[in-house]
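Reminder, nothing fancy here: chain letters follow the sequence lines and each chain counts from 1. Only a predicted model underlies this, so the values are computations on that prediction, with no experimental measurement involved. For the numbers below, each heavy atom of this structure counts, side chains included, while hydrogens, waters and symmetry mates do not.
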Amino acid sequence: MNETLLLLLEWTIKGALLAFALATGFAYTTLLERKLLARLQIRIGPNRTGPFGLLQPAADGLKLFFKEELTPANVYKAAFLMAPIMTMVPAVVIMAVVPWGPPIDFFGRAVSLGISGDLNVGVLFLLSVASVSVYGIVLAGWSSNNKYAMLGGLRSTAQMISYELALGLAFVGSIMLAGSMSLMDIIRHQQATNWYIFYQPLGAFVFYIAMLAEVNRAPFDMPEAEQELTAGYHTEYSGMKFALFFMGEYIKMIAVSAIFATLFLGGFDGPFVEQWPLLGPLYLILKVVALLALMIWIRASFPRLRYDRLMAFGWKVLLPLALLNIFLTAVVMVVFNVR
Amino acid sequence: MTPDLIVFLALGLVAVGAAVGMLLSRNAVYSALFLILNFATMAVFYLVLGAPFIAMVQVTVYAGAIMVLFLFVIMLLGAEHLERHTSVDWQKPVAVLLGLGLLGMVGYLLVSGQVTLGTITTPEQGYGSPLEIGRALFTEYLLPFEITSVLLLAAMVGAIVITRRDAPNRKKR
């Protein structure tokens with residue numbers, strides 16, 4: 001077999017693996033959320049389907065397949081169909097630049113773990129995909145031809161655009177420390193020194209808050225403020241189209257957690273990862289699960305912000321903090337002659 | 001046919017199709033969506049040409065930021081349905097004529113062999129990487145770069161001032 005075919009095969013397998021991992025991760029994140037929320041509220045949570053309720057996600061999925069799929073009469077059909085897909089696709093695509101582990105030796109062939117971890121514009125790729133992911137929501141809101149959906153769509157779009165700025169600026173501290181936009185280089189530099197959360201506590205703090213807002217999680221779950229907007233942009237969706245929105249949302253949660261882990265927690269870094277590269281994905285998954293648990297904990301603890309407070313917080317607190325972080329990082333790097 | 005040519009033809013088809021769709025679509029929102037598709041295809045062109053930095057910036061700035069604002073304006077003003085007849089109807093035949101003229105001219109020059117297309121060489125490794133672009137911006141092109149940033153800042157301040165016409169009357173919070 002020639003090299004091109006081998007490369008094609010390698011990428012196909014890695015892509016399929018990633019898609020499978022994200023789909024499974026989505027299913028079990030819903031279970032984790034329900035279980036953990038229940039425990040935090042002194043309930044038990046789903047425990048009837050399978051041992052400890054482990055088959056609950058499968059039952060949920062099956063139920064959604066059998067739901068009637070309604071398309072209301074006055075929607076803009078093409079956009080209405082496209083919106084769930086356009087929400088789902090960026091959530092999966094963004095994971096392409098996150099490395100899962102150090103390169104492994106696979107039957108005498110060096111295989112890098114990750115789709116394209118060494119891309120020299122990796123961080124820019126994250127930003128560009130994040131900026132495109134708004135369209136699914138804004139389209140869903142508009143095409144539903146429903147005032148609640150429209151308001152929910154516009155609100156969440158405004159929110160995502162505002163917090164994207166703070167998110168993008170929070171990347172910069174890590175880029176400055178590593179001197180590279182490649183996520184692999186960022187991880188390698190953290191392995192050589194320390195995890196960036198120790199050097200960039202402010203950056204990590206800003207990033208975490210901004211990423212909660214970016215994936216519309218509580219306390220920033222404005223589009224789903226059910227007292228005001230019924231269900232926001234996905235009010236008119238049902239059946240598998242609704243499931244796609246749901247899936248996109250949870251996969252986004254996983255993706256931003258993985259990005260946070262890569263930028264601030266050393267990515268796949270951990271003890272003995274150089275001797276046994278396959279430990280890399282395991283460490284990454286552990287970090288992602290911990291970050292997801294933190295997200296769920298925050299959801300159980302904080303009430304939802306009022307909308308104008310949310311925008312003011314993003315523009316007047318988070319954005320200046322992110323700028324301050326860049327300034328401080330630059331000053332410290334120059335004074336202590338880091339590079 | 002080389003793989004490069006196949007990729008180019010496929011991308012070109014999508015790009016031209018999206019542009020035509022944008023022009024012919026009766027609904028302004030769909031026009032905007034076609035334009036986004038066109039921008040995204042251009043980004044892939046840049047990637048194929050070995051300029052990943054420009055490709056990512058193209059997606060972030062044009063397909064991301066600017067088109068979201070376009071969509072916002074279209075949706076908020078409720079201007080998505082275009083009138084069948086507008087005041088610039090007379091421009092249509094003129095535009096078709098001029099477009100055909102340009103196509104004919106370029107086509108004639110290419111077919112008659114008076115102009116030949118240069119061959120494209122693959123750029124050297126590392127050309128157009130973020131590092132190279134940053135170095136160029138902060139050494140060779142420092143002055144234009146700084147002037148641009150001041151211009152952008154002035155535009156930003158201007159936008160805020162214009163939208164806050166009622167500021168003096170408002171109660172201080």
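- In this structure the side chain of B:Leu71 reaches within 4.5 angstrom of the side chain of A:Tyr135, judged on heavy atoms.
- Of all the heavy atoms in B:Phe72 and A:Val138, the pair that sits closest is CE1-CG2, 4.4 Å.
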* Check against side chain to side chain contact (heavy atoms under 4.5 Å, CB included), A:Met82 and B:Leu33 -> CA-CA 11 Å; A:Met82 242 181 340; B:Leu33 288 178; 4.0 Å; yes
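- Of the possible donor and acceptor atoms, none in the side chain of A:Tyr76 sits under 3.5 Å from a partner among the backbone N and O of B:Tyr30.
- Residues of residues 52-70 of chain B placed with any heavy atom under 4.5 Å of a heavy atom in chain A are listed by number as B:Pro52, B:Phe53, B:Met56, B:Val59, B:Thr60, B:Ala63, B:Gly64, B:Met67, B:Val68.
- Listed in order of number, the residues of residues 101-109 of chain B that approach chain A to under 4.5 Å between heavy atoms amount to none.
- Contacts of A:Ala78 with chain B are made by both backbone and side-chain atoms, with heavy-atom separations under 4.5 Å.
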